[in-house]
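Here's the structure we're looking at; comments come further down.
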Amino acid sequence: MAQLHLRHKRRAGRLSTAVGTTQIAILILLVALWETAGRLKWIDPLLFSYPSKLFHQIATTIADGSLWPHIGMTVSETAMGFALGTLLGTALAALLWWFPFLSRVFDPYLVVLNSMPKVALGPIFIVTLGPGFMSIVAVTLSVTVIITTINIYNRFREIEDGYIKVVRVFGASRTQLFRLVILPASFPVIISALKVNVGLAWVGVIVGEFLVAKLGLGYLIIYGFQVFNFTLVLSSLLVIAAVATVMYQLVSALEKRLTSGWRER
């Protein structure tokens, strides 16, 4: 049995190594092809630039310190929208579960709000909250809160009736039912919502910065379009991809740690 387990671990390790090597090889091939196409003008370098120009742009803005305020602003807006979106979405899902009457009343409104294009709400937030940090966070919350509420509330409703009946037979109150059955059974879904909300928060922040920001990576993209500097646009997208990947990996590590602890219980 131990040998089978060891063999399985080795096979899984070889597969992970092969996948990682293939991913790196594809990335290097695409970057090399892009660089070659740009330098030989197979593509228009003014519109599509090429990797060495992008890296030079990033290195220059890092060296002169002009990039860091934009990264700091966007990351702070994203972190705020991510945290508040997850907390508010979970709280609203719990409220809807706690009061079935409210869930029936607000169900069609949630569907409508979820299907509504969030960019259309941006001007309302700007007029209400003013152009700045709060309006961008509000746009981010409009993206994250509704989908989080719907996903977690649906999980609350899908808990098996057998568990609920057993707890009620022993005289559990509604508070105890939620604390001992509903919330623990929904914990993996709540943790998975963290990973979803990372991407949604980035979408909300960049959309908000497109509309109103004077500082941030989204602002750099819009500014690059305005001055026809597509190297700035693409380098900003590259920075967004890198920072978003770091945030996603941090949340994934947190998810694995919390989920492993939950499974051990």
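Position 1 is the first residue of the sequence; numbering continues from there.
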(message) Quick check: do Val145 and Leu113 have side-chain heavy atoms less than 4.5 Å from each other?
(response) no
(message) According to a hydrophobic-cluster definition based on side-chain heavy atoms being under 4.5 Å apart (Ile, Leu, Val, Met, Phe, Trp, Tyr only), do Ile240 and Phe55 belong together?
(response) yes
(request) Apply side chain to side chain contact (heavy atoms under 4.5 Å, CB included) to the pair Leu67 and Leu220, showing each step before the final yes or no. (result) CA-CA 9 Å; Leu67 183 61; Leu220 287 181; 4.1 Å; yes
(message) What's the separation between atom CG in Leu200 and atom CG in Leu141, rounded to the nearest 0.5 Å?
(response) 11.5 Å
(request) Give, for atom CG of Leu194 and atom CG of Leu254, the distance between the pair rounded to the nearest 0.5 Å. (result) 6.5 Å
(request) Evaluate whether atom CZ of Phe106 has more than 12 neighbouring non-hydrogen atoms of other residues, nucleotides or ligands under 6.0 angstrom away. (result) no
(message) Under 4.5 Å between side-chain heavy atoms, counting indirect links through other Ile/Leu/Val/Met/Phe/Trp/Tyr residues: same cluster for Met80 and Leu250 or not?
(response) no
(message) Test of understanding: clusters of I, L, V, M, F, W, Y form through side-chain heavy atoms closer than 4.5 Å, transitively. Do Leu237 and Phe225 belong to the same one?
(response) yes
(message) Tell me the closest heavy-atom pair linking Thr86 and Thr148, and the distance in Å.
(response) O-CG2, 4.2 Å
(request) Examine distances only and state if a side-chain atom of Arg155 and a backbone atom of Phe187 form a donor-acceptor pair shorter than 3.5 Å. (result) no
(request) Using a 4.5 Å cut-off on heavy atoms from C-beta on, say whether the side chain of Ser142 contacts that of Phe125. (result) yes
(message) Under 4.5 Å between side-chain heavy atoms, counting indirect links through other Ile/Leu/Val/Met/Phe/Trp/Tyr residues: same cluster for Trp42 and Tyr50 or not?
(response) no
(request) For Pro45 and Lys53, work out which heavy atoms get closest and say how close. (result) O-NZ, 4.4 Å
(message) Quick one, Ser52 with Arg39, criterion side-chain hydrogen bond (donor to acceptor under 3.5 Å, both in side chains). Give me CA distance, side-chain angles, the key distance, then yes/no.
(response) CA-CA 10 Å; Ser52 60; Arg39 288 188 176 276; 3.1 Å; yes
(request) Work out which heavy atom in Gly216 is nearest to a heavy atom in Thr74; give both atom names and the distance. (result) CA-OG1, 3.3 Å
(request) Flag this pair as yes if the NZ/CZ of Arg174 is under 6.0 angstrom from the six-membered ring centre of Trp97 and inside a 45 degree cone about the axis; otherwise no. (result) yes
(message) Could you tell me if the side chain of Val251 sits less than 4.5 Å from the side chain of Met247, heavy atoms only?
(response) no
(request) Quick one: do Val243 and Trp202 satisfy side chain to side chain contact (heavy atoms under 4.5 Å, CB included)? Show the steps, please. (result) CA-CA 10 Å; Val243 178; Trp202 274 98; 3.7 Å; yes
(request) Flag yes if more than 12 heavy atoms outside Trp68 fall under 6.0 Å of its CH2 atom; otherwise flag no. (result) no
(message) Please find the pair of heavy atoms, one from Gly85 and one from Thr144, that lie closest to each other, and give the distance.
(response) CA-OG1, 3.4 Å
(message) Rounded at 0.5 Å granularity, tell me how far CG in Leu96 sits from CD1 in Ile150.
(response) 9.5 Å
(message) When you group the ILVMFWY residues by side-chain heavy-atom contacts below 4.5 Å and let the links chain together, are Phe133 and Leu88 in the same group?
(response) yes
(message) Quick check for you: to the nearest 0.5 Å, what is the distance between Leu183 atom CG and Leu177 atom CG?
(response) 11.0 Å
(request) Determine the interplanar angle of the Tyr219 and His70 rings, folded into 0 to 90°, and report it as parallel if under 30°, tilted if 30 to 60°, perpendicular if over 60°. (result) parallel
(request) For residues Phe230 and Phe228, establish whether the separation of their ring centroids is below 6.0 Å. (result) yes
(message) Looking at every non-hydrogen atom in both residues, tell me the closest pair between Phe48 and Leu234 and how far apart they are.
(response) O-CD1, 3.2 Å
(request) Find the distance between CG (Leu121) and OG1 (Thr128) and round it off to the nearest 0.5 Å. (result) 10.5 Å
(message) For a quick test of reading the model, state the closest non-hydrogen atom pair linking Lys195 to Ser252 and the distance between them.
(response) CE-OG, 3.6 Å
(request) Working to the nearest 0.5 Å, report the span between CD1 of Ile71 and OG1 of Thr78. (result) 11.5 Å
(request) Report the residue from Thr22, Leu27, Ile28 that forms a side chain to side chain contact (heavy atoms under 4.5 Å, CB included) with Ile24. (result) Ile28
(message) Donor-acceptor pair, distance only, cut-off 3.5 Å: does the side chain of Gln176 make one with the backbone of Ser173?
(response) yes
(request) Assess whether side chain to side chain contact (heavy atoms under 4.5 Å, CB included) is satisfied between Val239 and Thr61, documenting all intermediate values. (result) CA-CA 11 Å; Val239 172; Thr61 52; over 6 Å; no
(message) Is the shortest side-chain heavy-atom distance between Phe210 and Ile136 below 4.5 Å?
(response) no
(message) Are the side chains of Asn229 and Val233 in contact, using a 4.5 Å heavy-atom criterion?
(response) no
